[in-house]
*Asks:* 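The structure is given below, and queries will be raised subsequently.
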Amino acid sequence: MLTLYGETLASRLLLGTAQYPSPAIMAEAVRASACETVTVSLRRETTGNRTGGQFLELIRELGVRILPNTAGCHSVKEAVITAQMARELFGTDWIKLEVIGHHDTLQPDVFGLVEAARILSSEGFKVFPYTTDDLVVAERLLEAGCAVLMPWCAPIGSARGPVNVDGLRAIRAHFPDVPLIVDAGLGRPSHAAMVMELGFDAVLLNTAVAKASDPVAMAAAFAEVVEAGRNAFLAGPLEPRDMAVPSTPVIGKAVFE
Amino acid sequence: MKLTVNGEAQHVTATTLAALLDELDYAPDFLATARNGELVPAAERGSCTLEDGDRIEVLSPMQGG
């Protein structure tokens, strides 16, 4: 079981709710994934419009935990007020904290991230920081009050999969007791399997599922490999070796020449 | 009174945030509001007095990753 800020979850898959062909397909994908946590956001509402409320009711019908994000925020102030408004709107102190530092890569502004994490943690938020695999930043985030870290494995929406496996191994090794969720950059189930085999506690996906030809089938596929990857990690995978090692014993082999 | 609501200039007669939402035809149930960069909780909208030039943000849930 996965424990995040005292909440126990059976599923190690967290799913975003954006970019699906329709709300109905989004809902079906969430059900197919068996995930228990979905990310949501908040945006300016137009006058007379009710779409925000309809969306929230759809999410509530799914019976999943809500993890609001501060997507698109480029400053500490913006991220903090957005988090406060999210808490008000969604009734949860969980917040996926994004402070974006670069338009093209959507790389986190890790300096602003640490500052915002400190402010929000002091206000009682349970902060899920979208960060890099930098170990020093990770230390600072923990000092700031975070009890979960969410390193990227590639830029958001890039579908590239882990581009720095050594970095992921290092952050896993340095923080063996901190729940680590790979957030951003996963494109295929094999990518999710890889990071789960490395010992990451969970993955957070959106584009890889929502933009697949069949999001519902892809959600189910990810669910299967996340579980398989976790089981493989617990089973202790063999490390790669440079040379061949015979699997069939040679002792007792007949000699004909 | 002249305000900026979600980045757009608005001329309104409302003097409180709650009245503003009503005047602009917002459904108050699924909204989060801020005045001049500070959160205004739903329970405080009725007592939140508006002033000329205020910047109001009215946000609602939407899809996110």
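Residue numbers start from 1 in every chain, and the chains themselves are labelled A, B, ... in the order their sequence lines are given, proteins ahead of strands.
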*Asks:* List the atom of B:Gly65, the atom of A:Ala18, and the distance in Å for their closest heavy-atom pair.
*Replies:*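 Scanning both residues completely, I find the closest heavy atoms to be N-CB, 4.3 Å.
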
*Asks:* Between B:Asp29 and chain A, which part of the residue has a heavy atom less than 4.5 Å away: side chain, backbone, both or neither?
*Replies:*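 Contact with chain A is absent: no heavy atom of B:Asp29 under 4.5 Å.
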
*Asks:* Among A:Thr207, A:Leu15, A:Thr39, which has the most heavy-atom pairs under 4.5 Å with chain B?
*Replies:*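 Option with the top pair count is A:Thr39.
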
*Asks:* Between B:Leu39 and A:Glu88, is any pair of side-chain heavy atoms under 4.5 Å apart?
*Replies:*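 Side chain of B:Leu39 against side chain of A:Glu88, heavy atoms only: contact under 4.5 Å found.
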
*Asks:* If I compare all heavy atoms of A:Gly52 with all of B:Ser60, which pair ends up nearest, and what's the gap?
*Replies:* CA-OG, 3.6 Å

*Asks:* Under a 3.5 Å cutoff, is there a donor and acceptor pairing between the side chains of B:Gln63 and A:Thr17?
*Replies:*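 Not at all, the side chains of B:Gln63 and A:Thr17 share no donor-acceptor pair under 3.5 Å.
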
*Asks:* Would you say that more than 12 heavy atoms from the other residues, nucleotides or ligands in this model lie under 6.0 Å from the CZ of A:Phe111, or not?
*Replies:* no

*Asks:* Please determine whether the number of non-hydrogen atoms from other residues, nucleotides or ligands lying under 6.0 Å from atom CZ of A:Arg43 exceeds 12.
*Replies:* yes

*Asks:* Could you tell me which of A:Asp183, A:Asn206, A:Leu205, A:Leu89 has the largest number of non-hydrogen atom pairs under 4.5 Å with chain B?
*Replies:* A:Leu89

*Asks:* Are any of the side-chain heavy atoms of A:Glu45 and B:Leu59 separated by less than 4.5 Å?
*Replies:*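 No - every pair of side-chain heavy atoms lies 4.5 Å or more apart.
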
*Asks:* Minimum heavy-atom separation for B:Glu38 and A:Ile81, please, with both atom names.
*Replies:* C-CD1, 3.7 Å

*Asks:* Please classify the contact between B:Leu21 and chain A as side chain, backbone, both or neither, with a heavy-atom cut-off of under 4.5 Å.
*Replies:* neither

*Asks:* Find the distance between CD (B:Glu8) and OG1 (A:Thr46) and round it off to the nearest 0.5 Å.
*Replies:* 9.5 Å

*Asks:* Picking from A:Leu56, A:Leu58, A:Ile59, what satisfies side chain to side chain contact (heavy atoms under 4.5 Å, CB included) with B:Pro61?
*Replies:* A:Leu56

*Asks:* Specify which of A:Phe90, A:Tyr20, A:Tyr130 makes the most heavy-atom pairs with chain B at under 4.5 Å.
*Replies:* A:Phe90

*Asks:* Which atoms of A:Glu57 come close to chain B, meaning under 4.5 Å heavy atom to heavy atom: side chain ones, backbone ones, both, or neither?
*Replies:*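 Answer is side chain: those atoms of A:Glu57 sit under 4.5 Å from chain B.
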
